[in-house]
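Notes follow the structure.
Chain letters run A, B, ... following the sequence lines, proteins first, then strands; residues in each count from 1. Model, not experiment: these values are computed from the prediction. Because only heavy atoms are used, hydrogens play no part in the values below, and waters and symmetry mates are left out as well, while side chains stay in.
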Amino acid sequence: MLRIHNTLTGRKDPFEPLVPGTVRMYVCGVTVYDDCHIGHARSALVFDVIRRHLEYSGFSVTFVKNFTDVDDKIIKRAHERGKPWQEITAEYIEAYYRDMGRLGIKPATVEPKATEHMAEIIGLVQELIRKDVAYQVNGDVYFQVERYGAYGRLSKRKMEDLQAGARVEVDERKRHPMDFALWKGAKPGEPAWESPWGPGRPGWHIECSAMAMKHLGETFDIHGGGMDLIFPHHENEIAQSCAATGKEFARYWLHNGFVQINQEKMSKSLGNFFTIREIFEKSEWPEAITGEILRYFLLTTHYRSPLDFSDQGLREAKNVLDGFYDLFKRLAEAGQSSSGADDELPFDIGFAEVTFKNGMDDDFNTPVALAALQQLRGAINKLIQKGLSTEARKAAREKFRSLGDVFGLFQLNTWQFNPLKKIAREAVTALKEERMPDSAIETRLAERIEAKKKKDFKLADEIRAELASQGITIEDRPDGTSRWKR
RNA sequence: GGCGCCGUACCCAAGUGGCUAAGGGAGCAGUCUGCAAAACUGCGAUGCGGCGGUUCGAACCCGCCCGGCGCCUCCA
């Protein structure tokens with residue numbers, strides 16, 4: 001039984017979708033005016049994994065993730081660069097797909113853009129005016145917060161509390177300080193769409209309500225996003241959606257914790273953020289491996305807890321993954337008839353599967369699920385020592401592949417550095433260009449095996465030292481062959 | 001001022017009332033190996049920020065305190 005922590009109730013609730021066997025979920029995507037940072041990566045990854053786990057659990061999932069492609073920040077950026085705003089959004093949507101692709105984030109089922117839903121947005125605003133919960137002031141339309149009695153139920157805030165600490169500058173045209181814009185009249189030169197209130201653009205919150213309703217219906221199962229969206233964004237989405245339809249909007253609200261740098265929130269305003277792009281460009285590992293390291297690292301902490309980003313954390317993730325891929329290398333080799341090890345394998349696998357699933361079913365506890373995989377790694381290493389058949393090895397590798405798929409891990413066939421691919425990439429440092437090609441390594445390795453056969457250990461050690469200076473580690477196997485890795 | 005979160009070994013990180021406090025990384029020792037590497041084995045918190053309280057029993061519940069953080073404004 002899957003249980004999910006619901007921000008709305010403040011508890012872990014048993015998950016029961018509205019329509020049995022199907023899940024409809026909406027996650028707030030990004031505003032496309034800049035490169036994505038690790039915080040975006042974490043959020044995207046968390047919901048990617050949640051989606052994958054739901055699918056793994058047998059649900060048919062409709063996953064909607066939007067792009068906010070019209071907004072004040074975009075207009076500002078366009079102005080700064082002297083470019084049309086459409087060029088800014090196109091550029092960063094492309095960057096988004098590049099970065100998320102590197103991270104192995106699966107595209108959502110539907111990825112709607114605000115600018116392509118003007119009719120729905122305008123219709124929703126009209127409905128709110130018709131119901132007398134929104135009002136027009138010149139070319140703007142505001143949602144009247146006092147008309148929605150349950151305002152504050154998501155963020156657990158009272159209207160009075162909000163006002164007390166409010167640092168919002170009072171807009172005289174609003175009837176209540178907390179009222180928020182549904183539609184903003186356009187100033188000259190700003191992007192604008194025709195509406196009953198004159199040319200303008202949607203407010204930030206309304207687009208999500210309109211797009212969620214269009215693609216998922218008035219009431220759906222899961223709505224997610226970063227913790228910072230609880231207030232005001234999601235609170236406002238609930239208010240305007242419920243006021244418009246008279247029905248519940250989303251039933252389970254999920255929010256991921258922040259990525260921090262040195263115990264502090266990572267944010268644009270503090271200037272202490274890393275973009276996904278720079279992490280990949282600075283990485284000494286090829287793209288696919290860097291992506292997997294990053295995924296593993298981001299999943300070592302439960303999605304609701306804060307996560308401190310650090311090079312040390314990344315290095316540790318690499319070490320752990322090395323252990324897994326070393327095992328996979330062994331599993332790819334021929335085995336010998338076992339002494340009962342084959343019979344023990346299903347027990348170890350079954351145990352890991354149950355632990356994995358129980359962990360994930362408990363509010364997507366990825367650290368517990370990861371621990372199950374680590375235990376399985378140890379168990380199978382022991383079985384290999386006892387003697388595991390070729391078939392059993394294949395079965396074990398397949399199990400890692402299928403369980404790992406929930407996290408997007410363990411899908412690579414080789415965990416080795418590929419210099420040709422690396423050189424093809426843009427940001428290659430001189431150091432990296434001097435990497436030894438695989439063929440040269442293989443040649444030296446063959447020479448070393450010859451030397452070993454002749455008991456010329458001096459030469460063998462020299463060759464190993466030479467390769468070691470290139471960052472290459474050699475493993476001699478009992479049968480006289482050798483493996484190498486970077 | 002209001003609302004809320006966190007503090008578990010050198011590091012990461014589960015556990016939130018009841019077997020010896022998961023798992024991993026790093027480290028050390030050992031087995032194996034020509035030497036290594038990998039793998040395996042062993043070691044590692046008598047204690048879960050501190051002090052009280054509730055309870056037969058608490059890392060887990062309550063209170064106070066210390067330390068750190070977030071939201072209340074655009075923000076994943």
Side-chain angles (χ1 to χ4, degrees), chain A residues 7 10 27-31 33-34 36-47 71-73 76 152 155-158 160-169 178 204 224-233 235 255-260 262-270 273 296-297 299-308 310 312-313 315-320 322-323 326-327 329-330 355 359 362 365-378 380-382 384-386 452 455-458 460-461 464-465 468 472-478 482-485:
Chain A
T7 309
V27 172
C28 289
V30 295
T31 301
Y33 74 105
D34 206 348
C36 291
H37 55 59
I38 327 246
H40 297 111
R42 185 181 190 193
S43 186
L45 177 61
V46 159
F47 289 104
D71 139 291
D72 294 353
K73 291 188 292 291
K76 187 168 167 243
S155 55
K156 315 278 183 272
R157 291 183 165 99
K158 300 190 183 87
E160 310 86 73
D161 298 340
L162 287 166
Q163 282 178 71
R167 278 171 277 166
V168 199
E169 40 195 289
M178 296 312 298
W204 175 34
M227 247 152 189
D228 48 351
L229 297 183
I230 295 173
F231 190 89
H233 185 52
E235 195 69 64
H255 295 96
N256 66 273
F258 288 121
V259 174
Q260 308 181 326
N262 296 326
Q263 317 293 320
E264 255 190 343
K265 176 183 174 179
M266 183 176 80
S267 73
K268 296 271 172 73
S269 42
L270 289 169
F273 63 93
Y296 190 97
F297 169 70
L299 293 171
T300 52
T301 301
H302 183 87
Y303 78 92
R304 285 192 283 116
S305 302
L307 166 65
D308 222 60
S310 66
Q312 191 194 323
R315 237 178 290 121
E316 192 169 302
K318 171 67 167 61
N319 287 344
V320 175
D322 277 343
D326 281 343
L327 168 60
K329 220 181 285 176
R330 254 166 259 134
T355 310
D362 182 15
N365 196 331
T366 53
V368 166
L370 248 19
L373 295 173
Q374 287 169 331
Q375 268 177 307
L376 183 61
R377 173 176 60 132
I380 291 179
N381 269 326
K382 278 168 221 163
I384 287 177
Q385 286 201 333
K386 289 174 80 171
K452 273 176 61 186
K455 303 276 181 204
D456 184 355
F457 296 122
K458 185 167 176 289
D461 287 348
R464 179 164 54 208
I472 293 151
T473 309
I474 291 170
E475 284 180 36
D476 292 336
R477 305 186 56 219
S482 300
R483 303 188 189 99
W484 65 274
K485 68 174 178 185

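Rounding to whole angstrom units, NZ of residue A:Lys156 and P of B:G2 are separated by 19 Å. Regarding A:Leu373, its CG atom lies at a distance of 16 Å from the C1' atom of B:G25, rounded to whole Å. The nearest whole Å value for the distance from the CD1 atom in A:Ile230 to the P atom in B:U73 is 14 Å. Atom CD1 in A:Ile384 sits about 16 Å away from atom P in B:A38, given to the nearest Å. Taking atom CZ of residue A:Phe231 and atom C1' of nucleotide B:G2, one finds them 12 Å apart after rounding to whole Å. In this structure, A:Asp461 atom CG and B:A37 atom P are separated by 12 Å, rounded to whole Å. To the nearest angstrom, P of B:A39 lies 15 Å from CG of A:Asp476. Rounded to an integer number of Å, the gap from A:Met266 CE to B:C74 P is 20 Å.
Partners of A:Asn319 under the side-chain hydrogen bond (donor to acceptor under 3.5 Å, both in side chains) rule, at least two apart in sequence or in another chain, do not exist in this structure. A search for side-chain hydrogen bond (donor to acceptor under 3.5 Å, both in side chains) contacts involving A:Asp34 returns nothing, not counting sequence neighbours. Applying the side-chain hydrogen bond (donor to acceptor under 3.5 Å, both in side chains) test to A:His302 and every residue at least two apart in sequence or in another chain returns A:Asp363. With sequence neighbours left out, A:Arg483 forms a salt bridge (charged side-chain N to carboxylate O under 4.0 Å, His left out) with A:Glu333, A:Glu475.
In this structure, the side chain of A:Ser43 does not engage the main chain of A:His40 through any donor-acceptor pair within 3.5 Å. No donor-acceptor distance shorter than 3.5 angstrom exists from the side chain of A:Ser482 to the backbone of A:Ile474, with no hydrogens or angles considered. Side-chain atoms of A:Arg42 never come within 3.5 Å of backbone atoms of A:Gly226 as a donor-acceptor pair (strictly under, hydrogens ignored).
Minimum atom distance to the side chain of A:Arg157 is reached by B:C3, of the listed B:G24, B:C3, B:A38. For A:Lys382, counting side-chain heavy atoms from C-beta on, the closest listed nucleotide (B:A37, B:G24, B:C40) is B:C40. Of all nucleotides listed (B:G34, B:A37, B:A76), B:A76 comes nearest to the side chain of A:His37. Here the nucleotide nearest the side chain of A:Asn381, chosen from B:C40, B:G25, B:A37, is B:C40. Between B:G25, B:G70, B:G34, one nucleotide has an atom nearer to the side chain of A:Asn319 than all others, and that is B:G25. The side chain of A:Lys452 has B:G34 as its nearest neighbour among B:G34, B:C72, B:A76.
The residue A:Leu229 sits close only to the backbone: its heavy atoms come under 4.0 Å of sugar-phosphate atoms, none of a base. The residue A:Gly359 sits apart from the nucleic acid: no heavy atom pair falls under 4.0 Å.
Comparing the same atom, P, in B:A21 and in B:G30 gives a spacing of 29 Å after rounding to whole Å. Taking atom P on both nucleotides, B:G47 is separated from B:A37 by 36 Å, rounded to a whole Å.
Nucleotides of RNA chain B nearest to A:Gly323 and A:Lys458 differ in position, and the one nearer the 5' end is that of A:Lys458. Both A:His40 and A:Gln385 lie near RNA chain B, and the one whose nearest nucleotide falls closer to the 5' end is A:Gln385.
In RNA chain B, the stems built from three or more successive Watson-Crick or G-U pairs (distances below 3.5 Å) are B:1-7 with B:66-72, B:10-12 with B:23-25, B:27-31 with B:39-43, B:49-53 with B:61-65.
Contact annotation: side chain of A:Asp228 to base of B:G70, donor-acceptor pair absent below 3.5 Å.
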Checklist entry - Taking protein heavy atoms under 4.0 Å as touching, what does nucleotides 7-22 of chain B look like 5' to 3' if B marks base contact, S marks sugar-phosphate-only contact and - marks none? => result ----BSSSS------B

